[in-house]
Protein chains: 2
Amino acid sequence: MPRLTKARILSEALALLDEVGSEALTMRRLADQLDVQAGALYWHYPNKQSLVTAMAEEMLADTALHGAGEPEKWRARVVEALMALRRALLAHRDGGRVFAGTFVPEPNTLALGEVLLGALRDAGLGKKEAAWSCSSLVDFVIGFVVEEQAAQGIEPDLLTSQLDREKYPNVAAVKGPFTSQDFDARMKFGVNLLLDGIERGLESRSASSGSRTRRA
Amino acid sequence: MPRLTKARILSEALALLDEVGSEALTMRRLADQLDVQAGALYWHYPNKQSLVTAMAEEMLADTALHGAGEPEKWRARVVEALMALRRALLAHRDGGRVFAGTFVPEPNTLALGEVLLGALRDAGLGKKEAAWSCSSLVDFVIGFVVEEQAAQGIEPDLLTSQLDREKYPNVAAVKGPFTSQDFDARMKFGVNLLLDGIERGLESRSASSGSRTRRA
DNA sequence: ACCTGAACACCGTTCAAGT
DNA sequence: ACCTGAACACCGTTCAAGT
């Protein structure tokens, strides 16, 4: 029985991430936590990037997504999956940055894609529309969480301080909502924008194909 | 006349970024390019992060955004500004990652916010809706470009290889459009989703307030 | 098969001392 | 005011050698 396993390294890496942040997460420090030499890690993971990618996949482990659902509730299912994604990223320090830009075709990530695509197909989208809508939704959540976590580490009124109201009247006028810390509401707002856009495409399609429209 | 200036450091830093990527962009290597000792950089920038933040701001310098415009063309103006943002980030290796999560209340970044908010206010959005829509749009573009640049560095059919069609039927069914390299079209698709969502909010508001609706 | 020990070629940052 | 030189406390990765 080896002292080290991929799973043990992974869980310790996520714990260390929460402790010190992504910048200070190093192979040497991780090895220290595991009471081994740094080189030992390279027997299990070929390099640091492969470990980070595994961390990204592991973050999604606790999302507890259940696959199918009632077709007419597709919208709620999408919202639920995206909120689960956000929670999973927020659950770890710098989770957004660690996850961003790691295309991982592994179980947890694929399961998220499966749930989102299932709901979008149930909504009536074609293959391309479903795929591209899915990407758009996920890209938004990733961008959102990266900004959200970056904003935590900054004094809330960096923008408020001195802002040239002559040059940037619009920015100055909306600085309140712009710096709102109600990220839950802001996230829902953005997701609803995308879902409304998706629904509108659905409506205009069914309208032009002679079928019933959904709204008055 | 000092040998080093903030501007010269900045421009050399962006050039070095393009050469070696964000991972290999180090203060020592940058100092080498500038024929100075590493310590000299710290007289101009207090630390590496402040330089990276300045790089993010500098990336937006060439976007050439013109402020006002015809109110009824608000949608085209938003699209133009977002495309300019994407081009600016794509213009540098790892531009998305460098820019992501750097809230910079400086001229170029504020100018982008000003243009976007101006167009959204022209569309008829209230302060909060304009601010949050602006954030959503920018967050999406950032998330999109980070994923786009990450995808460049990966063989295009990593997903195609072996994918359990039993477990992930929806993912398997849309793998074509999912891995589409037509990022221009995918970006426009996502932006249009958000803009359609924004327009829908506008319509339902004007409808409930007794005014005219825009579409039949 | 799995890990140690030690090395290689680096890092960001500080700061006395020079000009 | 601006930069050098040198140091401090680190990095990721490799690999012979041990068990």
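Note that the structure is predicted; figures quoted are calculated from it, not measured. Every chain is numbered from 1 and lettered A, B, ... according to where its sequence line falls, protein lines coming before strand lines.
- Proximity of A:His44 to the phosphate of C:dA1: no side-chain N or O atom is located under 4.0 Å from OP1 or OP2.
- No salt bridge links B:Arg186 with B:Glu148; every basic N to acidic carboxylate O contact stays at or beyond 4.0 Å.
- Under the 4.0 Å criterion applied to side-chain N and carboxylate O atoms, B:Glu199 and A:Arg200 are assigned as salt-bridge partners.
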Practice item. Do nucleotides 4-19 of chain D as a string where each nucleotide becomes B, S or -: B if the base has a protein heavy atom under 4.0 Å, S if just the sugar-phosphate does, - if no protein is that close. Key: BS-B---BBBB-----
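- Taking a cutoff of 4.0 Å between a charged side-chain nitrogen and a carboxylate oxygen, B:Arg77 and B:Asp122 qualify as a salt bridge.
- Atom P of D:dA9 sits at a distance of 23 Å from the matching atom of C:dA9, rounded to the whole Å.
- Between A:Val20 and A:Arg29, some side-chain heavy-atom pair lies under the 4.5 Å cut-off.
- Using a 4.0 Å cut-off between a side-chain N of Lys or Arg and a carboxylate O of Asp or Glu, B:Asp184 and B:Arg86 qualify as a salt bridge.
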Practice item. Check the pair B:Thr53, B:Gln49 against side chain to side chain donor-acceptor pair (under 3.5 Å), reporting the backbone distance first and the verdict last. Key: CA-CA 6 Å; B:Thr53 303; B:Gln49 185 52 55; 3.3 Å; yes
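- Salt-bridge check for B:Asp196 with B:Arg75: passed, with a basic side-chain N closer than 4.0 Å to an acidic carboxylate O.
- Paired runs in DNA chain C that reach 3 or more consecutive Watson-Crick or G-U pairs, where each pair keeps both distances under 3.5 Å, cover C:4-8 with D:12-16, C:12-16 with D:4-8.
- Within residues 50-57 of chain A, no residue has any heavy atom closer than 4.0 Å to DNA chain D.
- Considering every non-hydrogen atom in both B:Ala100 and A:Val146, the closest pair reads CB-CG1, 4.0 Å.
- Other residues, nucleotides and ligands contribute only 12 or fewer heavy atoms inside 6.0 Å of the NZ atom of B:Lys127.
- A salt bridge between A:Arg93 and A:Glu19 is absent, with no side-chain N of the basic residue lying under 4.0 Å from a carboxylate O of the acidic one.
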